[in-house]
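Some notes on the structure that comes next.
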Amino acid sequence: MPIKILFICHGNICRSTMAQFVMEYMVKKEGLSDSFVIESAATSREEIGNPPHHGTVRKMHEMGIPMRAHRAVQMRRDDYDKFDYIVGMDKWNEKNIFRIIGSDPQNKVSSLLDYTPRKGQDIADPWYTGNFEDTYRDVDEGCKAFLAFLIEKHGLKK
């Protein structure tokens, strides 16, 4: 049974999309692709149907990280039952995740940097800053730590 991860941000065109593709890339490098289903979604409806932000696309190309076709989708209440981990990019995302799902009796909701020594901090939002370098640094750090956590917790072998 694969581990199902849903990355969440406000619009699903910058941070959550970047986290999805970075994590897929890391999982593939570890030879664990069959052990995961990784997707992303938005808490808002503002960008629904739009492709990833050009800054995200540029940064993924620069880093040699492949991207699949993607269109922004909104998180739904039933995603709580579909995914094992629901990972937000910042505190505001978490607040909106709870607005959508209600409660988290199975402790599925977290923030990406919670798996790092920077627990409680937010992933830099490039929508406002245009700084995809800082966002990538944060996402990369968070995904590395999250993947290490998952490998240990679920006893995954390369």
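This one's a predicted model, so the numbers in the text were calculated from it and none came from an experiment.
With hydrogens and angles ignored, the 3.5 Å screen pairs no side-chain donor or acceptor of Lys4 with any backbone N or O of Phe36. With hydrogens and angles ignored, the 3.5 Å screen pairs a side-chain donor or acceptor of Asn93 with a backbone N or O of Met89. With hydrogens and angles ignored, the 3.5 Å screen pairs no side-chain donor or acceptor of Tyr136 with any backbone N or O of Thr56. Without hydrogens or angle criteria, Asp140 side chain to Val22 main chain gives no donor-acceptor distance under 3.5 Å. Side chain of Asp122 to backbone of Lys91: a donor-acceptor contact under 3.5 angstrom is found. With His53 contributing its side chain and Gly55 its backbone, the two residues share a donor-acceptor pair below 3.5 Å. Proximity of a side-chain donor or acceptor of Arg77 to a complementary backbone N or O of Ile101 within less than 3.5 Å is detected. Proximity of a side-chain donor or acceptor of Asp138 to a complementary backbone N or O of Thr135 within less than 3.5 Å is not detected.
Pairing each heavy atom of His10 with each of Arg15, the nearest pair is N-NH2, 4.2 Å. Heavy-atom minimum distance, Ala42 versus Gly11: CB-C, 3.4 Å. Contact between Ser16 and Ile8 at its shortest, heavy atoms only, is CB-C, 3.6 Å.
Using bins of under 30°, 30° to 60° and over 60° for the plane-to-plane angle, the ring pair Tyr115/Phe146 lands in the tilted bin.
The shortest distance between side-chain heavy atoms of Ile3 and His154 falls below 4.5 Å. In this structure, the side chains of Ile123 and Leu113 come closer than 4.5 Å at one or more pairs of heavy atoms.
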Pair Arg68-Glu24, salt bridge (Lys or Arg N to Asp or Glu O under 4.0 Å): steps then yes or no: CA-CA 10 Å; Arg68 295 180 282 104; Glu24 285 179 352; 2.5 Å; yes
- prompt: Going through the checks in order, is the side chain to side chain contact (heavy atoms under 4.5 Å, CB included) test met by Asn12 and His70?
  reply: CA-CA 9 Å; Asn12 192 217; His70 175 81; 3.1 Å; yes
message: Using the rule given for salt bridge (Lys or Arg N to Asp or Glu O under 4.0 Å), can you reason through Lys59 versus Glu62, listing the C-alpha separation, both sets of side-chain angles and the distance that settles it, and then say yes or no?
response: CA-CA 5 Å; Lys59 189 62 186 172; Glu62 179 185 317; 2.8 Å; yes
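Here Phe7 contributes atom CZ and Gln20 contributes atom CD; the two are 8.5 Å apart, rounded to the nearest 0.5 Å. Between Cys14 atom SG and His54 atom NE2 the span is 8.5 Å, to the nearest 0.5 Å. Here Glu94 contributes atom CD and Thr43 contributes atom OG1; the two are 11.5 Å apart, rounded to the nearest 0.5 Å. Atom CZ in Arg99 sits 10.0 Å away from atom CE in Met75 (nearest 0.5 Å).
A single hydrophobic cluster is seen to contain both Leu156 and Tyr25, as judged by linkage of ILVMFWY side chains at heavy-atom distances under 4.5 Å, directly or through other members. By the criterion of side-chain heavy atoms lying less than 4.5 angstrom apart, applied directly or through intervening Ile, Leu, Val, Met, Phe, Trp or Tyr residues, Ile65 is grouped together with Met23 in one hydrophobic cluster.
Ionic pairing of Arg137 and Asp134 is present here: one or more N-O contacts between side-chain nitrogen and carboxylate oxygen are shorter than 4.0 angstrom.
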